[in-house]
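Just so you know, these numbers come straight off a predicted model, no measurement behind them.
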Amino acid sequence: MARGKLRIYLGAAPGVGKTYAMLSEAHRRVERGTDCVVAFVEHHDRPRTEVMLHGLEQVPRRELEYRGGVFTEMDVDAALARHPHVALVDELAHTNIPGSRHTKRWQDVEELLAAGIDVVSTVNIQHLESLGDVVESITGVRQQETVPDEFVRRADQIELVDMSPQALRRRMAHGNIYRPDKVDAALSNYFRPGNLTALRELALLWVADRVDEYLKQYRSEHRVSAIWGSRERIVVGLTGGPEGRTLIRRATRLAEKGAGGEVLAVYIARSDGLTSASPKELAVQRTLAEDLGGTFHHVVGDDIPAALLAFARGVNATQIVLGSSRRKAWQYVFGPGVGATVARESGPDLDVHIVTHEEAAKGRGLPVARGARLGRARIIWGWAIGLAGPVLLAALLSVVDLGLANDMLLFLALTVAAALAGGLLPALASAALGSLLLNYYYTPPLHRWTIADPKNIVAIVIFVGVGVSVASVVDLAARRTHQAARLRAESEILSYLAGNVLRGETSLEALLERVRETFGMESAALLERTDDRAPWTCAGHMGVGRMVGRPEEADVDVPVGDHMALALTGRVLPAEDRRVLAAFAAQAVVVLDRRRLQEEAERARALAEGNRIRTALLAAVSHDLRTPLAAIKAAVSSLRSDDVEWSEEDRAELLEAIEEGADRLDHLVGNLLDMSRLQTGTVTPIIREIDLDEVVPMALGGVPDPEECVELDIPETLPMVAVDAGLLERSVANLVENAVKYSPAGEPVLVSASALSERVEVRVVDRGPGVPDEAKERIFAPFQRYGDAPRGAGVGLGLAVARGFVEAMGGTLNAEDTPGGGLTMVLTLRAAGSRPPGEDAEARAAAEKSSAERERQASW
């Protein structure tokens, strides 16, 4: 049984009119013939609300005894036994009297929905569970009766019943909400203007977030890529540098200038497991963004400007905040930079703010490559100390006589300093130079390269040994640091691979590109062969380098099993890199196997679908085609019979039956052929620019009495559309014939068109019984006839053919409810002059690839 639909009237406070609005909706549905009953409504002795109950069927309540009193609750069993189409249940957050089936009334509603009964209910914003603390801080009252937010969010429709605080207080003062003896206390406490204003803001913001979810869903379903500036959303591009805090605060101030502003901080990391921003700084910026009411996002993308713009358009942002580039002037030879690229490609609907900061033009501060054990600055300082230090010290000691022991200690200190700064080689140079100077200037005989006292020889040997030992320790520490950093990088890469294995996200091409970028190679390819004698073939290749035909031709090859190998060109990798490369190779094979399994599953699915179509075609031929043939055969046999003298009226009726059967055969055979073309993928539209008023009237040729059955509203000012005229005519004809079939007598079908940005919408509106939401997609499947359509109504291919033709032309076809009852078919077409969605993606991919190639060539 299909689940019922839930509609909720949400209010900011008691008395805004939720129950009155719910009862008004019930009267409207009853007038339309809907089976609607009152399962539980509490009028609280409000005269206007009590009057609205008149004329509505009410399910008897259940009486329960509790603590010596008798209370009434909704009788769930009685409501289920009555099983109306719509049930009214007031006060969704109410707590039931002990002894009831469920503790909360929303659980009763859940049972009604599970039974297929539509429910209309009411709730106040202060009863939402997540807002309990906020409401208590505003009103000073802790709400004991709450309903889970998730249950309310799953409602099919939420309608806000709004009223200004002043109007609500006037309603309270007039005695329309509480009894006169409670009015003064209520106005002085809960119903203060400040409380009501704050609660109203909560309700408006909550509903606005719900509307935003609907908008995102609509944009996703209709593939709307243009930005709709319904509210200010500001994306902050972070680099991981300290300027990010300034950018987040600046974006927050911009968001505060407009109502409902939202800040989204995003850090885009390149898919390079060996380099990353400071995790500590990013954690600080995440905390700052969340403390200021924003959100933090971590996105992976090789082309940072493209990834940033894609993220901004995906969240429907209106502004982007970036910091001034930290690059120095000479670094602009490699490209214009992220800020300039984003500003150039943002388009007219996305504003870009470049914010100055203290780190501008001070250098990008990229992390030192982990292959180096000591930084360049340390090595330079080490050599400076090791070479210039002993000379300067000798010049200083020529003026001051401290004795040989002290002189040796000072030279030893310089050697240790050179070792700490630059490592082993600067320390050796300092020790050698220092020992020569000690020998020449300070050990007898002076100014000669000889040593008279053997004790001085021992002192100089110890001096050199200490210097070399300290330098060795420093070099060992640097080596261990390098190894730790490398192991950390390897663990990050392996963690990335393990996550992709579990999620099944990375494609083979993306994985090979990751391998190429991680190890700095020109190209990466996965080679395979069927057996030892078969030639090698390429399963995937990424990069700009030469294409190898065998693993032996590559600079680096990693065998995977007996018949696969990962081949890389560009340079020879050290042995320590092959461990991680082997993990990449194993993952590449897993991805390739997964892709082939998916392709096999797709082929099996297509084969099963083809078998289902063929079976359905045979069923259609066996019945739906045989029926009109039998009618034609009977009419022809009757006309040829010599035993009966037919009147002119009878002959005309028989001839009309023959013509009608032939038309049905022509229509059925046409739909069957169209569906077979769609299933085999042989529909190739010829796209050209045409006016809708040239095609739509032609589609009404198969409708009897089109002047009475169909009403056209095609403005002459509409832009031209890029379609195949024949496919569009057939699609509209099927939609109109379907609408006329289900429309009641005297209710013409409306065919209207309107322009929306780069799209044109054609709407086919009928006033028939309509289609439930859960069946709106099924009606487009082949051989589907909704409801109690008779067998003679066709084989159920009209809508399937229409959607197939429309999608082949790059459009969409969806079903919506007609306001007031009925079904509306919405056909969305591409306006002439606009670029197809696929071309946008291809152009963007080509631009990203070209930009990546330029950056790679500049780095080489």
Next item on the list: Apply side chain to side chain contact (heavy atoms under 4.5 Å, CB included) to Glu25 and list each qualifying residue two or more places apart in sequence or on a separate chain.
Entry: Arg7, Tyr9, Arg28, Arg29, Arg32
Next item on the list: Evaluate the side-chain contact (heavy atoms from CB on, under 4.5 Å) criterion for residues Tyr742 and Asn738: first the C-alpha distance (whole Å), next the side-chain angles of each, then the deciding distance (0.1 Å), finally the verdict.
Entry: CA-CA 7 Å; Tyr742 290 100; Asn738 183 76; 3.4 Å; yes
Check: Got Val266 and Leu238 here, is their nearest side-chain heavy-atom distance under 4.5 Å?
Finding: no
Notebook entry, point to check: What pairs with Phe296 under ring pair (Phe, Tyr, Trp, His ring centres under 6.0 Å), at least two apart in sequence or on another chain?
Noted result: none
Note to self: So does Glu694 get a backbone contact from the side chain of Asp691, meaning a donor-acceptor N/O pair under 3.5 Å?
What the structure shows: no
Margin query: Once rounded to the nearest 0.5 Å, what's the spacing between atom CG of Asn734 and atom CE of Met825?
Written below: 10.5 Å
Checklist line | Note, Leu813 side chain near Ser731 side chain (heavy atom, < 4.5 Å) | finding: no
Note to self: Under a 3.5 Å distance rule, please check whether Arg778 uses its side chain to pair with a backbone N or O of Glu774 as donor and acceptor.
What the structure shows: yes
Margin query: Taking side chain to side chain donor-acceptor pair (under 3.5 Å) as the definition, give me every residue that meets it alongside Glu777, ordered by chain and number, with sequence neighbours left out.
Written below: Arg803
Next item on the list: Grab the two heavy atoms, one from Asp724 and one from Ile687, that are nearest each other, plus how far apart they are.
Entry: N-CD1, 3.9 Å
Checklist line | Closest non-hydrogen atom pair, Ile234 against Ala255 | finding: CD1-N, 3.5 Å
Notebook entry, point to check: Which atom pair, heavy atoms only, marks the closest approach of Gly237 to Leu247?
Noted result: O-CD1, 3.6 Å
Check: Which residues pass the side chain to side chain contact (heavy atoms under 4.5 Å, CB included) test with Arg154, sequence neighbours left out?
Finding: Arg3, Glu110, Glu150, Phe151
Item checked: Greater than 12 external heavy atoms within 6.0 Å of Glu716's CD -> no
Check: Would a 4.5 Å heavy-atom cut-off, applied to side chains only, mark Leu205 and Val207 as touching?
Finding: no
Margin query: How close do Val321 and Ala251 get, counting heavy atoms only, and between which atoms?
Written below: CG2-CB, 4.1 Å
Margin query: Between His297 and Tyr267, does the ring-ring contact (aromatic ring centres under 6.0 Å, His included) criterion hold? Intermediate values first, please.
Written below: CA-CA 6 Å; His297 305 267; Tyr267 169 68; over 10 Å; no
Note to self: Ignoring hydrogens, what is the shortest heavy-atom contact between Ser752 and Ile714? Give both atom names and the distance.
What the structure shows: C-CD1, 4.2 Å
Margin query: Any non-hydrogen side-chain atom of Glu345 less than 4.5 Å from a side-chain atom of Leu309?
Written below: yes
Checklist line | Sub-4.5 Å side-chain heavy-atom contact between Thr828 and Val806 | finding: no
Checklist line | Distance (rounded to the nearest 0.5 Å) between Glu761 CD and Leu718 CG | finding: 11.5 Å
Margin query: Checking the side chain of Thr318 only, and the main-chain atoms of Arg233 only, is there a donor and an acceptor separated by less than 3.5 Å?
Written below: yes
Next item on the list: To the nearest 0.5 angstrom, please state how far the OG1 atom of Thr824 sits from the CG atom of Asp766.
Entry: 7.0 Å
Notebook entry, point to check: Taking only residues two or more places apart in sequence, or in another chain, which ones meet Asp817 in a side chain to side chain donor-acceptor pair (under 3.5 Å)?
Noted result: Lys776
Check: Could you give the distance from CG (Leu692) to CG (Leu712), rounded to the nearest 0.5 Å?
Finding: 11.0 Å
Next item on the list: Find out whether Leu10 and Val161 are in side-chain contact, i.e. whether some heavy atom of one side chain is under 4.5 Å from a heavy atom of the other.
Entry: no
Next item on the list: Ignoring hydrogens and angles, state whether a donor on the side chain of Thr356 or Ser324 is under 3.5 Å from an acceptor on the partner side chain.
Entry: no
Next item on the list: For Val236 and Ile248, work out which heavy atoms get closest and say how close.
Entry: CG1-N, 4.2 Å
Item checked: Atom pair CZ (Arg153) and CD1 (Ile158), whose distance is rounded to the nearest 0.5 Å -> 8.0 Å
Next item on the list: Check whether any side-chain heavy atom of Ile8 lies under 4.5 Å from a side-chain heavy atom of Val152, and answer yes or no.
Entry: yes
Item checked: With His353 via ring pair (Phe, Tyr, Trp, His ring centres under 6.0 Å) - residues at least two apart -> none
Next item on the list: Count the heavy atoms belonging to other residues, nucleotides or ligands that lie under 6.0 Å from CD of Glu656, then report whether that count exceeds 12.
Entry: no
Next item on the list: For side-chain contact (heavy atoms from CB on, under 4.5 Å), just list the numbers for Val765 and Val749, CA-CA rounded to whole Å, side-chain angles, deciding distance to a tenth of an Å, and then say yes or no.
Entry: CA-CA 6 Å; Val765 184; Val749 172; 5.9 Å; no
Margin query: Nearest 0.5 angstrom please: Ile320 CD1 to Leu264 CG, how far?
Written below: 11.0 Å
Next item on the list: Under the side-chain contact (heavy atoms from CB on, under 4.5 Å) rule, what do Ile690 and Val721 come out as? Steps first, then yes or no, please.
Entry: CA-CA 6 Å; Ile690 62 172; Val721 292; 4.1 Å; yes
Margin query: What verdict does the side-chain contact (heavy atoms from CB on, under 4.5 Å) test give for Leu750 and Asp713, after you've listed the backbone C-alpha separation in whole Å, the side-chain angles of each residue and the deciding distance to 0.1 Å?
Written below: CA-CA 7 Å; Leu750 173 63; Asp713 182 15; 4.2 Å; yes
Checklist line | Contact check, side chains of Val732 and Val695, non-hydrogen atoms, under 4.5 Å | finding: no
Checklist line | Heavy-atom donor-acceptor pair, Asp118 side chain to Gly4 backbone, under 3.5 Å | finding: no
Note to self: Using modelled atom types and a 3.5 Å cut-off, is there a donor and acceptor pairing between side-chain atoms of Asp156 and backbone atoms of Leu6?
What the structure shows: yes
